[in-house]
Amino acid sequence: MKQLPELIFNKSKEGKVGYSFSETELSDDLIALDVVHRREDIKDFPQLSEVEIVRHYTNLSHLNHSVDSGFYPLGSCTMKYNPKINDKIASFEEFSAHPYSPLKLVQGNLEIIKMLEEWLINITGMAGFTLAPAAGAHGEFVGMKIIRQHLSSKGNPRKVVLIPDSAHGTNPASAHFAGYEIKEIPSNTDGIIDVATLNEHLNEEVAALMMTNPNTLGIFEKNIIEISGALHENGSLLYMDGANMNAFMGIVKPGELGVDVLHLNLHKTFSTPHGGGGPGSGPIGVTSELVKHLPVPLVSRNTNSNRDGDIYHVSYFNEGIGRVKNFYGNFLVMVRALVYVMALGKENLRKVAEDAVLNANYIRKGLQDLLDLPYTSKTFHEVVFSDKGLNVKTLDIAKRLLDFGIHPFTVYFPLIVHGAMMIEPTETESKQSLDAFIRAMKTILKEAEEDPEKLKNAPFTTPVTRLDEVRAARQLRVKWERESESLSR
Ligand SMILES: *Cc1c(COP(=O)(O)O)cnc(C)c1O
């Protein structure tokens, strides 16, 4: 069992220091003279040696589960291992630039943006891309604004956005923010949208359908061509949430299926570690008809380079929806993505998708005799089981997995599956780690039959065991406080 390290305050001993300067050089200057920033005293500030501090924080950093320390099959969020070399390249100092740098000095950066746009156009079959949005949900919002502006320019922005019950949770939020009412449409027993059901909901109020594809059941919306046809006939548009493009990139191009607007998550599919709270990127791809609505800034390539020799330009003016972010502060996400697609090439991008689907289906096959599979259609990059027939809860199984050094899968989502266990292994896992996961699940499911009470108290080996989830949510206090402080609250 991993122990919680002792509080840094308890390790403190009066007079221990983490630095040493020669008295003569520093006695009255620098720190002493910086009266603005100098504090006379910090109450109870811990006093430790350098090595104690290093060990303290290193040990703390090992308390978290990460994709570098173990299997992390979180569905819909693609916690995949990304090549470390891409991080290394993104850290080259040549790539860092001040946002107000003259264009002359950032031609290389602009070239990277343009090249990545072209790769994404190639992969998705869309006519144009913007790399402005900073995350998936931001991309959705930008996409819906584009749809709204396009429809407004035709005379009526319309009122309603249809969203299937198997869509990602950010979709309704984004459409709502863009000023639309949401109408949910039910999926059929195969877990996908029926053209007939869609037709029942279509009228002149409908601006668009927002479809997550593959949907959150891991199922490809195989009626997509009929669906986009029906929408277009109704003057409505098709938005595709392509955050999980790792399921079919290199195999199918959404642009060829009648998709009008789509977003990708570079921090899921294209090699930026996801989930660390760092910058992300949610590029939007559109059809040629919608290119003019893209947000600024737009990067363009001038083939007849001008007097200054600048080939790449940035434009802040078009008829589009305006500006959605101040700077390309997430530029290094784009560097990683470009390195990733160029290193893999077209052929291997396809292989990424094939292996992601193969791995998810290996897990499906390995567990389908033990767990209920509510939708039996073919699944792609993830598989969703339910808790039907079990005498423990999904949460108990998820918590127990931690004792096996495995991060739990996504739980209780999508909502249309009771006690959902949404498992996405990603393409980077070996057969051995998939087998270890299946074995762990089999052990846990056996325990669930023989000793269900035990599972209700799991995990046992983690530094913090079963939490009171309600209290954790209501009284979120993740920092240590002196007893006197916490009592006073
Ligand atoms: C992750 C995800 C999103 C949201 O992306 P963020 O970058 O977290 O905002 C949207 N749709 C799907 C299907 C996703 O998996």
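All values derive from a computational prediction rather than experimental measurement. Both counts, for ligands and for their atoms, begin at 1 and track the order of listing.
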Exercise for review: Go through the steps to decide whether Asp68 and Lys84 satisfy the test side-chain contact (heavy atoms from CB on, under 4.5 Å), and finish with yes or no.
Suggested key: CA-CA 10 Å; Asp68 286 349; Lys84 290 285 176 276; 3.2 Å; yes
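- Atoms of ligand 1 found under 4.0 Å from any heavy atom of Thr212 (numbered from 1 in listed order, with element): 13 (C).
- Here's the thing with Ala243: none of its N/O atoms is less than 3.5 angstrom from an N/O atom of ligand 1.
- Proximity of Asn244 to ligand 1, defined as any heavy-atom pair under 4.0 Å, is confined to the side chain (atoms from C-beta onward).
- Between Leu344 atom CG and Lys351 atom NZ the span is 11.0 Å, to the nearest 0.5 Å.
- The protein heavy atom nearest to atom 11 (N) of ligand 1 is Asp241 OD2, 2.5 Å.
- Listed here is the closest heavy atom pair of Val352 and Glu427: O-CB, 3.3 Å.
- Counting the atoms of ligand 1 from 1 in the order shown, those under 4.0 Å from a heavy atom of Ala135 are 7 (O), 9 (O).
- For Tyr72 and Tyr81, the ring centers sit 6.0 Å or farther from each other.
- Checking only distances, Gly136 does come within under 3.5 Å of ligand 1, N or O to N or O.
- The residues Asp435 and Lys431 are annotated as salt-bridged, a charged nitrogen and a carboxylate oxygen being separated by less than 4.0 angstrom.
- Contacts with ligand 1 closer than 4.0 Å are made by no heavy atom of Thr216, backbone or side chain.
- In this structure, the protein non-hydrogen atom closest to atom 5 (O) of ligand 1 is Asn265 ND2, 3.1 Å.
- Looking at ligand 1, you'll find an N or O of His267 within less than 3.5 Å of one of its N or O atoms.
- For the pair Gly280 and ligand 1, no heavy-atom separation below 4.0 Å is found.
- With respect to Phe270, the side-chain contact (heavy atoms from CB on, under 4.5 Å) criterion is satisfied by exactly one of Ile123, Val339, Val333: Ile123.
- Looking from atom 9 (O) of ligand 1 to the surrounding protein, the closest heavy atom is Ala137 N, 2.8 Å.
- Proximity to Glu140 (heavy-atom distance under 4.0 Å) selects the following atoms of ligand 1: 10 (C), 11 (N).
- Ligand 1 has no nitrogen or oxygen under 3.5 angstrom from a nitrogen or oxygen of His138.
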Practice item. Using the ring pair (Phe, Tyr, Trp, His ring centres under 6.0 Å) rule, take Phe404 and Phe437 through it: C-alpha gap first, then chi angles, then the decisive distance, then the call. Key: CA-CA 9 Å; Phe404 291 80; Phe437 171 72; 9.9 Å; no
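- For the pair Arg301 and Glu118, the salt-bridge criterion is met [side-chain N within less than 4.0 Å of a carboxylate O].
- Considering only non-hydrogen protein atoms, atom 14 (C) of ligand 1 sits nearest to Lys268 NZ, 2.7 Å.
- Ser228 is not listed as a side-chain neighbour of Leu257, based on a closest heavy-atom distance of 4.5 Å or more.
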